[in-house]
Amino acid sequence: MADRVANQIAAGEVVERPASVVKELLENSLDANAKKIEVEFRDGGKSYIRVEDDGQGMNQDQALLSLERHATSKIREAKDLNQVTTFGFRGEALPSIASVSRFTMRTRTKNCEEGSELFINGGKLVHVKDCGMPAGTRIEVSHLFNSVPGRRKFLKTVVTESSHLMHLSKLYALAHPEINFSLLEGGRVIFKSPACDNLADRVMEIFGKGFAASLAPVEFQNEKMKLRGLAGIPGQSRSTRKEMIFFVNHRPVESKTLSYATIEAFHTFVPKGRFPPAILFLELDPSLVDVNVHPSKKEIRFREEFKVRNFLLSGLLDRNQKLGNEFKPIAPPADLYEFDNVSQKMVPQIDPAALHLYGISKEESVTKNIQVESDLFKSGEPNEFPTEAEPVDYSKGQEELITPELVGVRTDALASWRLIDRPKGDLALFSTVDGLVVFHGRAAYERVHFEKLEDALKLDGNSVSQSLLIPETFEADEVEVAIINREFDKLKTIGFEIEEFGRNYFRLSGCPEWLDPTEGLNFIKDFLAVSRERGKNLKAIDVFRDVMIDKSSIKTFESGGFSDNEIIHLAKDLLSCRNPFTCPKGNPTYFEIPTRDFEARFRRKV
Ligand code: ADP
Ligand code: MG
């Protein structure tokens, strides 16, 4: 009896809600070396939970023992406690759960012929008997907290409890792609994923193709820590933190240190108020993870928060910058091109999978090309179009697509954009080898100049300055004087010419060339205001970024936006940016709509 009460008290502490029951059962299945796990629930887990595995199972004695308090088979010595039980329950989970539910366990080891069935109601053993059962363990928990009304009323709605339970199951499925994992709600499949070779496949199985396509791999390490996983590609963002998922030593965790460092690393890649998708696995010495937290809480702390933060931040930043540089070249690989008979031009090849839409077989499309070649030979022209055998210089065929208005090059000669029109405001439309680009002039402008600013600050004093026709004088109070003195060199570096002009007076005689000269003084005032708000511990680049983003005192344009020429230059400059895909705020600078999209929409070749 005393035990039963102890169990219920423990249950109060450790079994918070249906999802925490599932968590415990899943961890046990994993510990039992399961290769396949199935989770089913009803009514958010309030009325029914089943976790079934094909793990090592238990014989009848072991099964009975597993329901005794502190009967864990896992911890033998007190010193293990620190290492192993960081997140665990020290042999309390099963008895705790069984004390507050109707609990049925069926289990069999490979060596036993018969399985055992144990039925426990509100902590009282009702029966133990033999049963037929495949090797493994199946635990069913129904009427959770029915016997403890005080606890039951704290459960949230079915929808809320379901979403906790589903989220938790997904986390475990992500942490263990090697396990065949299914989740069912009252018989309806939520996901069913076979064992996967890698995380990306698992993500696709659980979250779908769209989400998987918004991610790219991450991997880096130092002597003490290792990080791997998937994170958003530049420009991808989410409205909540729900898709920022962290694991430490393979366990799902919540950690402010990890989530803040990630958000910070994506600062200029994701719009303000939105979050990068990320599924990240951190591995480090378990002794560096703080174990003195409540066992059922996922929130963890690190012994050396600062080191973990810096490791994550610098690694992710580095990765993002590289990705910004290397990200999908605007031109696709050359072998995706073919000569089009009708237009007499090189065009992106049709996706073979789409050929049937046009009623053409692969062979036909090949014959067509051969036809073209022999025609060319007849007319005596040199064979400048592709044959299967020899490598082709596609830039030749490409030239026909290009007019003198071509915009710059990102990685090679195929990356050519041609301005079509400026339909409205800041919008411009380009045709590209691949399709159409919809381009936002102002967003591009901000990105281009933001990177110039970054360069200027890094390069120490190479920024181009322009003189103001009429130097402007301004007054500054004591705080502002201090800021100007402190940041004087930085301001000069990026192209501001400021001199002291009597007590508390300054004269601005030059500003960076990217700034509209009439906005020079406003920029300085904004800079002072932002610096004052932010206090001393700021990096000049951050202040400049904020000034640029929030006050947008950069060059203003006459109504009607940019001229054709300006847009063409902008596009050229943008394409040579480190991160051409987003403005400093993290909003997109352009979208490319591939011709293939149009073909899919029109259901025929365009
Ligand atoms: P702990 O996991 O901390 O040992 P639990 O109360 O969760 O404590 O489990 C008690 C014991 O029951 C485990 O140590 C293990 O031996 C056994 N057990 C529980 N679930 C399973 C399972 N799915 N397969 C095999 N053995 C299990
Ligand atoms: Mg356990």
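Just follow the structure's listing: the first ligand is 1, and inside any ligand the first atom is 1. Here the structure is a predicted model, which is why all the values come from computation and not from measurement.
Ring geometry for F247 versus F281: interplanar angle under 30°, hence parallel rather than tilted (30 to 60°). The aromatic rings of F207 and F211 sit tilted relative to each other, their planes meeting at an angle between 30° and 60°.
Between the choices Q56, M58, E52, the shortest heavy-atom distance to atom 26 (N) of ligand 1 belongs to M58. The nearest non-hydrogen atom to atom 24 (N) of ligand 1, considering only T137, T107, L94, I139, comes from T137.
At a heavy-atom distance under 4.0 Å, only side-chain atoms of A32, from C-beta outward, approach ligand 1.
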Which side-chain N or O atoms in residues 304-318 pair as donor and acceptor under 3.5 Å with protein atoms at least two apart or in another chain?
unit_1: E304; atom_1: OE2; unit_2: K307; atom_2: NZ; d: 3.1
unit_1: E305; atom_1: OE1; unit_2: T257; atom_2: OG1; d: 2.1
unit_1: E305; atom_1: OE2; unit_2: F302; atom_2: N; d: 2.8
unit_1: R309; atom_1: NH2; unit_2: E264; atom_2: OE1; d: 3.0
unit_1: R309; atom_1: NH2; unit_2: E264; atom_2: OE2; d: 3.2
unit_1: S314; atom_1: OG; unit_2: N310; atom_2: O; d: 2.8
unit_1: D318; atom_1: OD2; unit_2: K322; atom_2: NZ; d: 3.1

Under 3.5 Å, which donor-acceptor pairs link side chains of residues 221-231 to any protein atom two or more places apart or in another chain?
unit_1: N222; atom_1: OD1; unit_2: K224; atom_2: N; d: 2.8
unit_1: N222; atom_1: OD1; unit_2: M225; atom_2: N; d: 2.7

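Considering backbone and side-chain atoms together, E24 places no N or O closer than 3.5 Å to any N or O of ligand 1. An N or O contact shorter than 3.5 Å links N28 to ligand 1 by distance.
Here is the list of ligand 1 atoms found below 4.0 Å of a heavy atom in A93: 6 (O), 7 (O).
Between R50 and E38, at least one side-chain N (NZ, or NE/NH1/NH2) sits under 4.0 Å from a carboxylate O, which counts as a salt bridge.
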